[in-house]
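Here is the structure we will look at, set down as structure tokens.
Since this is a predicted model, take the numbers as computed values, not measurements.
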Amino acid sequence: MPLSAHPLLSSISSPADLRLLSRDQLQTLADELRAYLLTSVSKTGGHLSSNLGTVELTVALHYVFNTPEDRLVWDVGHQTYPHKILTGRRDRMDSLRQLGGLSGFPQRTESEFDSFGTAHSSTSISAALGMALAAKIKGEERHSVAIIGDGAMTAGMAFEALNNAGVADCNLLVILNDNDMSISPPVGALNRYLAQLMSGQFYAAAKNAGKQVLKVAPPLFELAKRFEEHAKGMVVPATLFEKFGFNYVGPIDGHDLESLIPTLENVKHLKGPQFLHVVTKKGNGYKLAEADPVAYHGPSKFDPSIGIQKATTPAKTTFTQVFGQWLCDMAAKDERLVGITPAMREGSGLVEFEQRFPNRYFDVGIAEQHAVTFAAGLACEGMKPVVAIYSTFLQRAYDQLIHDVALQNLPVVFALDRAGLVGADGATHAGAYDIAFLRCIPNMSIACPADENECRQLLTSAYEQNHPVAVRYPRGAGAGVAVDPSLQALPFGKAEIRRQSSAPATSHQKIAILAFGTLLQPALTVGEKLDCTVVNMRWAKPLDPLCCNKLPTRMICWSPLKKAASWAALAAL
């Protein structure tokens, strides 16, 4: 849909333009923004459901607060497309998540309106608190606002920040964007408690109680009002957040600008830590996304009039699918196996495992640190935990990985999805550090499967060990190698020579390429051109000493361990 179809939106180049509009124009702007957002994301792919849910909230925040002087910190960051569109990046949305284009998350180097880079969960309150206290120290009058999703509130870091902020003498606004949905459905006792109390049923009952008093005795309006507020205080999570030292306001409808704007204007003038509870709906305004917010969380390109369509040709098997099937097969064989995920059931391939083995499936919420130590506790009692976690998210549990698992030499398997580069998700989600930060940890081993079948075999090898092992595999499909359905393991720590050079052993031109993981295939191609020996190393730790001792001294390490040599440099050898 051309921009001319959105005349009001086309007039907005920055939030300053937005603040010139009348209140009556804001709903029209929100409608145009939602339509433009849907059209834009359908052409580029990207996060959709979460952004459709924050349209009115974004409009209200930029209307009430003097951004960028006032700081907005979005958590986890995949709800910021409306924010990007309203802050001067509308014309670049066609470059979203592409090389040289807009990031899919807030990025400080991209815009002055992105006050903090957020892509991992539950960091916003900590960052906004730091900004609020910095303003106080410098004597600056500005506001700091953290917008955090209810799924992100399951993480311990969010409550660490609340605990700190409640006693900090500064002006901080925390907005809980409650859409009852993270990427996977949110879990845990806290979420269950919030979901029940935030559903509005008890709150509505409290309001009805107040209305009954008014009907019976209209002159007692103030008494009825106090009664209603008292009843509300008993049934909404006000007590939870007020115990942290916050003034709780809400819940209010996050799609009702007539509620949002006056409430934000009132809260803006209050001193001290404030907590505003806003209820939104993921996918709001697009029925298909409302009905299935998980499917529309991060779709590829699609036709909005039709929706996401299943591929007409069978897709190649992904490494995630290989892991998911292996997990189910191994669980059927060994009743000690338990599967753990930090709120990434779909992304890590655990949907079938949850259905088949619900008593051995644990989604711990967005709590990577807890996931790892929880696995350690299970391992202490003779269970065989498998932690399915993205490489980039394992970074968040590094202390627990060392202290609670590795130093105690516990047999925990870490299935590291999205290892290596991840394309459109950008630097924050790239699994670029796992080999470096895992190799230095005592007792830890690292397997790097070259293809789908090796992934299954090395997962079995890792599971058979009596110490911690990580199996790292990339996003997406492999080379199309058929997968043996058996649970056959490969020898621990052993490499294989996949191609032998025909050059004499004494030749100074004899070269060996050591390939780790899926880089084996391009290494074999180069090996044929240059008559190199090619080794499928399989293990980044331990390195196979017997295999390496048989190789010439002139070697190229084709892996993330070092910068891969360029094709031109290889061809020149």
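- Note: S144 OG to D70 CG = 8.0 Å, rounded to the nearest 0.5 Å.
- Nearest heavy atom pair, residue R23 against residue P262, reads NH2-CG, 3.7 Å.
- The environment of CZ in F302 is crowded: more than 12 heavy-atom neighbours from other residues, nucleotides or ligands sit within 6.0 Å.
- The closest side-chain donor-acceptor pair between H83 and T58, if any, does not fall under 3.5 angstrom.
- Using a 4.5 Å cut-off on side-chain heavy atoms (C-beta onward), L52 and Y81 make no contact.
- The existence of a salt bridge linking D169 and K136 is confirmed by a sub-4.0 Å separation between a basic side-chain nitrogen and an acidic carboxylate oxygen.
- Taking the six-membered ring for Trp and thresholds of 30 and 60 degrees, H120 and F393 have ring planes more than 60 degrees apart, a perpendicular arrangement.
- Put simply, the side chain of T373 never gets that close to the backbone of H370: no donor and acceptor are under 3.5 Å apart.
- The distance between the ring centers of F241 and F246 does not fall below 6.0 angstrom.
- Counted by atom type alone, D399 and Q369 present zero donor-acceptor pairs between their side chains at under 3.5 Å.
- Using a 3.5 Å distance cut-off with no hydrogens or angles, the side chains of E160 and N164 do not pair a donor with an acceptor.
- For the residue pair S259/D253, the side-chain donor-acceptor check at 3.5 Å is not satisfied.
- Under 3.5 Å, the side chains of S305 and D303 contain a donor-acceptor pair of N or O atoms.
- A salt bridge does not link D114 to R108: none of the charged nitrogens lies less than 4.0 Å from a carboxylate oxygen.
- Under a cut-off of 6.0 angstrom, the local environment of CD in E141 is sparse, with at most 12 non-hydrogen atoms contributed by other residues, nucleotides or ligands.
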*asked:* Evaluate T320 against D417 for side chain to side chain donor-acceptor pair (under 3.5 Å), listing each step before the verdict.
replied: CA-CA 7 Å; T320 303; D417 206 325; 2.6 Å; yes
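- Under the 4.5 Å side-chain criterion, counting only non-hydrogen atoms from C-beta, R19 is in contact with T67.
- Distance check, rounded to the nearest 0.5 Å: CZ of R396 to OG of S122 gives 6.0 Å.
- Counted within 6.0 Å of CD1 on I306, heavy atoms from surrounding residues, nucleotides or ligands total more than 12; the atom is thus considered enclosed.
- A donor-acceptor pair under 3.5 Å is absent between the side-chain atoms of Y296 and the main chain of S50, judged by distance alone.
- The aromatic ring centres of F159 and F244 sit less than 6.0 Å apart.
- Looking at V405 and Q400, their side chains never come closer than 4.5 Å, going by heavy atoms from C-beta outward.
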*For the pair K43 and K301, evaluate side chain to side chain contact (heavy atoms under 4.5 Å, CB included) and give the outcome as yes or no after the intermediate values.*
CA-CA 5 Å; K43 293 178 180 178; K301 299 177 184 179; 5.8 Å; no
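- Within the model, atoms CZ of R90 and CD1 of I12 stand 8.5 Å from one another, a figure rounded to the nearest 0.5 Å.
- Checked by atom type and distance alone, the side chain of R34 pairs as donor or acceptor with a backbone atom of N284 at under 3.5 Å.
- Considering only heavy atoms from C-beta on, V174 comes within 4.5 Å of I148 through its side chain.
- Taken to the nearest 0.5 Å, the CD atom of E112 stands 10.0 Å off from the CD atom of E69.
- Remark: side-chain polar atoms of S348 are not paired, donor with acceptor, to backbone N or O of L350 under 3.5 angstrom.
- The side-chain heavy atoms of L264 and K268, taken from C-beta on, include no pair separated by under 4.5 Å.
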*Going through the checks in order, is the side chain to side chain contact (heavy atoms under 4.5 Å, CB included) test met by V386 and I340?*
CA-CA 6 Å; V386 178; I340 302 168; over 6 Å; no
*Given the rule in the side chain to side chain contact (heavy atoms under 4.5 Å, CB included) test, do F353 and R345 qualify, once you have shown the distances and angles that lead to the verdict?*
CA-CA 9 Å; F353 180 80; R345 178 186 63 188; over 6 Å; no
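- Panel note: side chain S49, backbone P293; a donor-acceptor pair is recorded below 3.5 Å.
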*What's the verdict on side chain to side chain contact (heavy atoms under 4.5 Å, CB included) for V412 and L378, showing C-alpha distance, side-chain angles and the deciding distance?*
CA-CA 9 Å; V412 178; L378 286 163; over 6 Å; no
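- Under the 3.5 Å distance criterion, the side-chain polar atoms of S124 are left unmatched by any main-chain donor or acceptor of V73.
- M344 has its side chain out of reach of I389: every pair of non-hydrogen atoms, C-beta onward, lies at least 4.5 Å apart.
- Between R475 and D425, at least one side-chain N (NZ, or NE/NH1/NH2) sits under 4.0 Å from a carboxylate O, which counts as a salt bridge.
- With hydrogens and angles ignored, the 3.5 Å screen pairs no side-chain donor or acceptor of S40 with any backbone N or O of L37.
- Other residues, nucleotides and ligands contribute at most 12 non-hydrogen atoms within 6.0 Å of the CG atom of L421.
- Residues T341 and Y361 form a side-chain contact, since some pair of their non-hydrogen atoms from C-beta on lies under 4.5 Å apart.
- In this structure, the ring of H429 has its center less than 6.0 angstrom from the ring center of F105.
- Just one residue in the list V76, T80, D75 forms a side-chain contact (heavy atoms from CB on, under 4.5 Å) with H78, and that residue is V76.
- At least one donor-acceptor pair closer than 3.5 Å links the side chain of Q98 to the backbone N or O of D94.
- Two residues are said to be in side-chain contact when any heavy atoms from C-beta on lie closer than 4.5 Å; I261 and V59 fail this criterion.
- For T280 (side chain) and G254 (main-chain N/O), no donor-acceptor pair under 3.5 Å exists by modelled atom type.
- A distance of 15.0 Å separates CG in L394 from CZ in R418, rounded to the nearest 0.5 Å.
- Salt-bridge formation is not detected for the pair K282/E290: no Lys NZ or Arg NE/NH1/NH2 atom is positioned less than 4.0 Å from an Asp or Glu carboxylate oxygen.
- Rounding to the nearest 0.5 Å gives a distance of 10.0 Å between CZ of F113 and CG of L86.
- When each of N171, N247, N266 is tested with Q274 by the rule side chain to side chain donor-acceptor pair (under 3.5 Å), just one qualifies, namely N247.
- In this structure a side-chain-to-backbone donor-acceptor pair under 3.5 Å is missing from E32 to L29.
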